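Report on the structure given below.
It should be emphasised that the depicted structure is a prediction, and the values quoted were computed from it without experimental measurement. We count ligands from 1, going down the list as the structure has it; atoms in each ligand are counted the same way.
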Amino acid sequence: MKIAVLTSGGDSPGMNSIIFGIFSACQTYKVELYGVIGGYDGLIDDKFVRIEFSSLDGKFNQGGSLLKCGRSARFLKPTYFKKAIKNLKSNDIDTLIIIGGDGTIKGAIALRDAGIKVIGIPGTIDNDLNFSYTIGFDTAMNNIVNAVDNIMDCLSAFSYGSVIKIMGRNCTSLIESVAKALHTEYIITNPNLDLDVLAKKIKKQHDNQHLPPVVLVLEDVIDCVKLAEIFTEKTGFQWRSHILGYIQRGGKPSAFDRRYGYSVGSTAVNYILKNQTGFALGMDNDCLVKKNFEETIIVNKIS
Ligand code: F6P
């Protein structure tokens with residue numbers, strides 16, 4: 001039997017741990033494992049490589065993805081999609097495991113409907129699927145909280161306010177969790193928020209306490225540099241803007257993401273050996289559960 005695995009969408013810390021879990025189970029059951037390089041584009045371009053221990057050595061606890069990720073516009077086009085299917089068949093791949101977020105799962109639906117055996121594993125810092133947890137989320141939260149703690153040291157020294165851009169695309173899960181961990185009530189996830197009202201509230205609280213105000217902004221909702229200027233004008237004290245970028249998504253996965261990643265990877269192989277495919281395998285309330293792909297997609301993400 002031959003299994004292939006790919007990572008798609010944005011990389012997520014823990015993807016390599018999932019691949020390691022898949023690899024270990026494949027070793028145990030003498031299954032050949034192939035990696036597809038660069039997500040769905042790799043399927044189209046026939047980029048299959050055999051995964052051996054040497055591919056993983058020193059990498060399984062690193063962030064990023066050793067298989068590289070990709071957001072494939074071509075995969076959505078019938079000509080390229082057919083090419084991808086043809087390559088899966090000509091490489092004799094029995095089952096494909098895909099790791100990623102909601103765009104990735106949509107790709108899995110198309111593959112399943114084309115008769116390909118596929119299992120999806122949620123791996124995204126966005127936590128944008130209908131599971132209680134997606135791999136990489138814990139690491140990203142920790143990365144952000146640590147970065148904001150550092151920023152707060154400098155803000156406190158000057159009593160500046162700060163506007164911080166947080167990833168998550170159109171999903172508020174990451175920004176809301178981080179806000180709770182940082183004990184800040186100021187988050188902007190809606191471009192129509194009344195900034196006058198918010199600035200007044202912040203000013204009043206700032207006058208009565210020593211902690212600098214931190215406003216978290218969901219990416220692309222408002223320009224953070226402009227927002228810092230607006231707040232400086234409206235509150236009467238200085239503001240700085242911070243775009244954390246890949247500091248949020250990079251770095252070594254947390255112990256939780258490694259442990260859970262490994263376990264979901266090896267469990268996926270166990271299902272394949274029982275000839276069970278066509279679902280996403282993820283965590284709900286501390287348990288690994290199977291869900292139909294359609295059930296995992298959240299339609300309206302901005303709260
Ligand atoms: O999906 C993960 C994510 O980090 C989102 O939070 C963000 O919107 C997007 O990827 C950024 O994409 P890129 O790394 O391609 O700029």
Atom indices of ligand 1 within 4.0 angstrom of [X] heavy atoms, with elements:
X: Gly168; answer: 6 (O)
X: Tyr246; answer: 13 (P), 14 (O), 16 (O)
X: Glu219; answer: 5 (C), 6 (O), 7 (C), 8 (O)

Quiz prompt | Ile125 N/O to ligand 1 N/O under 3.5 Å | solution =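 It does not: no N or O of Ile125 is found under 3.5 Å from an N or O of ligand 1.
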
Would you tell me whether [X] and [Y] have side-chain atoms, one donor and one acceptor, within less than 3.5 Å of each other?
X: Asn142; Y: Ser254; value: no
X: Asn170; Y: Asp220; value: no
X: Tyr34; Y: Glu32; value: yes
X: Thr277; Y: Tyr271; value: no
X: Asn87; Y: Lys47; value: no

Quiz item: What residue and atom, counting heavy atoms only, is the protein's closest point to atom 4 (O) of ligand 1, and at what distance?
Solution: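 Here the nearest protein heavy atom works out to Arg249 NH1, 2.8 Å.
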
Quiz prompt | atom 6 (O) of ligand 1 - nearest protein heavy atom and its distance | solution =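 Ranking protein heavy atoms by distance from atom 6 (O) of ligand 1, first comes Asp126 OD1, 2.7 Å.
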
Quiz item: Hey, looking at atom 10 (O) of ligand 1, which of Arg169, Met167, Arg71, Gln248 has the closest heavy atom?
Solution: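 The nearest heavy atom belongs to Arg71.
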
Quiz item: How far apart are the closest heavy atoms of Glu295 and Asn130, and which atoms are they?
Solution: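 Looking at all heavy atoms of both residues, the shortest contact is O-ND2, 3.0 Å.
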
